[in-house]
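Have a look at the structure below before the remarks.
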Amino acid sequence: MGMNDLTINKQQGQELNLKQQEAVTLSDQSALILAGAGSGKTKVLTSRFAWLIQNQIASPGGILAVTFTNKAAKEMLVRISAQLPINPRGMWVGTFHGLCNRFLKKHYQDASLPQIFQILDSADQKSAIKRVMKKMNIDEDFLPSKEVLYFINGNKEEGVRSNAYKAFDDISEKKNAIYKAYEDQCLKEGVVDFAELLLRCLELFQNKPMIREHYQSIFKHILVDEFQDTSKLQYEWLKLLTAKNSFIFAVGDDDQSIYGFRGARPGNMKDLQKDFKINNIIKLEQNYRSKNNILNAANAIIENNADRLGKNLWSEAGDGDLIRQYNALDDRFETSYILDEIKGLHRSGSRYDQIAILYRNNAQSRVIEMAMVSNNIPYRVYGGLRFFERAEIKSSLAYLRLITNKKDDTAFLRIINFPPRGIGAKALELIQDVANAEKISLWQSAERIESENKNTKISFFVHLIRHIEDQIEGNNIDESIDFINSYSTLKDHYGKDKDGSSRIENLDELVSAAKAYINEFREENTENESGDSKASILSDFLDFTSLESGELQASAGDDALQLMTIHSSKGLEFDTVFITGLEEGLCPHERSLSENNGLEEERRLMYVAVTRARQKLYLTLAQSRLTYGQTMYNLPSRFLDEIPNELVKRINAPKKSFAISTAKIATHSETKHAWKIGAAVEHAKFGVGIVTGYEGNENDLRVQINFHSYGVKWLAMEYAKLAEI
DNA sequence: CCCGAGGACCTTTTT
DNA sequence: GGTCCTCGGG
């Protein structure tokens, strides 16, 4: 696995340093470990796990270790088993969602859930909400489903059910009515969304003292990774589990909290100290990753944030190269500079997969990708559509889901007419009317219609599903999926499509994924005498496809350039890192500026980006950039000013090509004014800005300026007192 | 039902 | 500039 190679810390194999040792060998007490970037965080967590067992303080089943991503959970398991000769089965190591799912599956009756419940991913959830709104006759123009989604998830995150919500106006009342109907619909269909997994598990522990106390006494030690990213709900969950003589060992870095927008609450770190009476936090500040010039830049940037627990990274690795900053004229020049540098690095022996290009938003990758394609440089883009989120995969799985759970209306709607089989809006309306009138699921409704009228297209669909169900009875999942892919005519359908071949490949890949899943499952269960039933393996597999949405993408091991957003670079490290688009409006993003503490989160983002680099760090920016089809003129990012001068070597683009691109517009005013498009100017009242356009003739010339703090303004040249900077 | 034109949208993302 | 969704004609 290529990705895992990248994340293995340099320090592995060496002894623990004093601070790490102190953390690992803490006696029975709760602890907060402030672990800076590259300070050996995962090593400390897994060593702690091993230490607790080796010293017989806890048994493997008596520790709960929780992370955010499957990847991190897997890595933790791998590293624990490298240190200890124990069977990972039965150990409670996983993601918040994965562990909650495990608790809920085990206690489904106490949680008031059906034995088999399907997990909705975000897209499923959104379409479920849309369905509710349609049923309630609420127009999207009046209330966008996206806003309702936000409302529902936000409330679940706060632990607020619809019956506990206090509406304060018509809109909030309406939203809550949808929330209520959505809760009912999920229950009826036997489906659970991501936030529900957490909330329902919390409620299970709250409402069932027997179960709560059982787990409270089992888990004496709870280890939490990336604690700064925990939400309110997750923190409540942790508090409940540790309420009775248990200890929490939380590892995190408040400076790397970059997920505020999805509920992360770095304030949990301060609450933790208070709630668990932790008086000394252990700081891991020695960095085993980067050269000091890079660390000093990172330290200087993050220094500008006010609300920090505070730490300073240092390293024994020496100063290293100066950071290079390149000011390009536009995004294409920026890319060609990066391209040249990468070619040079590669010539002198760098591997492509040790070079990362980071950007603030995904749209920025396009220009870079085009340049790489035309120069035959292999690259890999992270993020974007995940394997299990692909339309063809979701469709194939929907057949399996419907057969597993006939009440799953989401799955039903996905495939009732896909591939197209002549069931249109009218037929669907009939099915829905019958379902509503009889209070039955769409599938039951279709069956009822079928029993009354045998020769319809609906009847054809019912027989199709029943036939698939008969045929896959007793089969392994991979065989079942293979059968579905053909018999449902999914493959034929894509075969007709001119760009359907990759979709067919993906459908085959799904069969392989299922096979791999079963094999892994068998391996883990060899000692387990009570052979799990085929049905429960199937349901586990479906959970897996919802919870593990990605990272199954193939070809990870290739030597390819790594392209990703800054967010997805967290936790990774590379010899060389290019941070691109370092302009005001992009990084920091303009939308963050109006948010509460938005700028500080952007600065943490910058901090994360800088600390990804081991040896070489490049910072690039462009004076103008094509965004959403429009040329935008941006000022350099304020974060660049926060890096001490002596750490940076600045490289500026030649001026002449710039003059050519703007000559036409500039001639307008050449006689009277020196201002050109893209020029930085200063205004007495509005401060610093960038000239972005002209309007009018020689006598009445108006200039458009994008001001740093006042936004875009039109000023009459005659009156505006501008000074060039 | 299917397809194409036209409109609205557009940070970041894991589960 | 690109994508996703909706709506209307074929």
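Each chain gets a letter, A, B and so on, in the order the sequences are listed, and its residues count up from 1.
Residues A:E583 and A:S637 are not in side-chain contact: their nearest non-hydrogen atoms beyond the backbone lie 4.5 Å or more apart. Put simply, the side chain of A:Q623 does not reach to within 4.5 Å of the side chain of A:N634, judged on heavy atoms.
Contacts with DNA chain B (heavy atom under 4.0 Å) in residues 584-595 of chain A: A:H589, A:R591, A:S592, A:E595, listed by number. Non-hydrogen atoms lying under 4.0 Å from DNA chain B are contributed by A:E602, all within residues 599-609 of chain A.
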Pair A:D229, A:R265 - check salt bridge (charged side-chain N to carboxylate O under 4.0 Å, His left out), show working. CA-CA 6 Å; A:D229 285 338; A:R265 227 189 129 262; over 6 Å; no
How far apart are the C-alpha atoms of A:F544 and A:Y517, what are their side-chain angles, what is the distance that settles it, and do they pass the ring pair (Phe, Tyr, Trp, His ring centres under 6.0 Å) test? CA-CA 9 Å; A:F544 170 78; A:Y517 181 83; 4.9 Å; yes
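Residue-level contact check: A:N70 touches the backbone only, with heavy atoms under 4.0 Å from sugar-phosphate atoms and none from bases. As judged by a 4.0 angstrom heavy-atom cut-off over every strand, A:N362 is placed among residues touching the sugar-phosphate backbone only. Residue A:S122 is in base contact, counting any heavy-atom pair closer than 4.0 Å across all strands shown.
As rounded to whole Å, 16 Å separates atom C1' of B:dT13 from atom CZ of A:F96. Atom-to-atom, CD1 of A:I258 to P of B:dT12 comes out at 13 Å; the value is rounded to the nearest Å. Atom NZ in A:K146 sits about 7 Å away from atom P in B:dT11, given to the nearest Å. The NZ-C1' distance, from A:K126 to B:dC9, rounds to 10 Å in whole Å. Protein atom CG of A:D121 is 13 Å distant from nucleotide atom C1' of B:dT13, rounded to whole Å. Here B:dT14 presents its C1' atom at 17 Å from CD of A:E75, a figure rounded to the nearest Å. As a whole-Å value, the separation of A:K570 NZ from B:dT14 P is 11 Å. For A:L428 and B:dC1, the CG to C1' distance is 14 Å, given to the nearest whole Å.
Taking only side-chain nitrogens and oxygens, A:R262 never comes nearer than 4.0 Å to OP1 or OP2 of B:dT15. OP1 or OP2 of B:dT13 sits under 4.0 Å from a side-chain N or O of A:T565.
The aromatic ring centroids of A:F117 and A:Y108 lie 6.0 Å or more from each other. Annotation: A:F261 is in aromatic contact with A:H567 [ring centroid separation under 6.0 Å].
Residue A:N361 has its side chain nearest to B:dT12 when only B:dT13, B:dT12, B:dT15 are considered.
Across C:dC4 and B:dT13, the matching P atoms stand 16 Å from one another, rounded to whole Å. Nucleotides B:dT12 and C:dC5 are separated by 23 Å at their C1' atoms, to the nearest Å.
In this structure, A:F261 counts as stacked on the base of B:dT12 under the 5.5 Å centre distance and 30° plane angle limits.
A:R603 CZ to A:C587 SG: the interatomic distance, rounded to the nearest 0.5 Å, is 10.5 Å. Note that CG of A:D255 is 7.0 Å distant from CG of A:N305, once rounded to the nearest 0.5 Å.
Residues A:D254 and A:R604 approach most closely at O-CD, 3.2 Å, considering heavy atoms.
Look at B:dT12: its glycosidic torsion is beyond 90° from 0, and that puts it in the anti range.
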Show every donor-acceptor pair shorter than 3.5 Å between a side-chain atom in residues 418-431 of chain A and any protein atom, with sequence neighbours excluded, or say none if there are none.
residue, atom, partner, partner atom, Å
A:R421, NH1, A:I415, O, 2.5
A:R421, NH1, A:I416, O, 2.9
A:R421, NH2, A:Y399, OH, 2.8

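Annotation: ring-ring contact (aromatic ring centres under 6.0 Å, His included) contacts of A:H107 (sequence neighbours excluded): A:Y215. Under the side chain to side chain donor-acceptor pair (under 3.5 Å) criterion, A:N304 pairs with A:E642, not counting sequence neighbours.
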Whether each nucleotide of nucleotides 1-10 of chain C has a protein heavy atom under 4.0 Å at its base (B), only at its sugar-phosphate (S) or at neither (-) is summarised, 5' to 3', as BSS-------
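Using cut-offs of 30° and 60° for the angle between ring planes, the A:W237 and A:F205 rings count as tilted.
Comparing A:F68 and A:K426 against DNA chain B, the residue whose closest nucleotide sits nearer the 5' end is A:K426.
Counting distance only, with no hydrogens placed and no angle test, the side-chain atoms of A:T69 and the base atoms of B:dT15 include no donor-acceptor pair under 3.5 Å.
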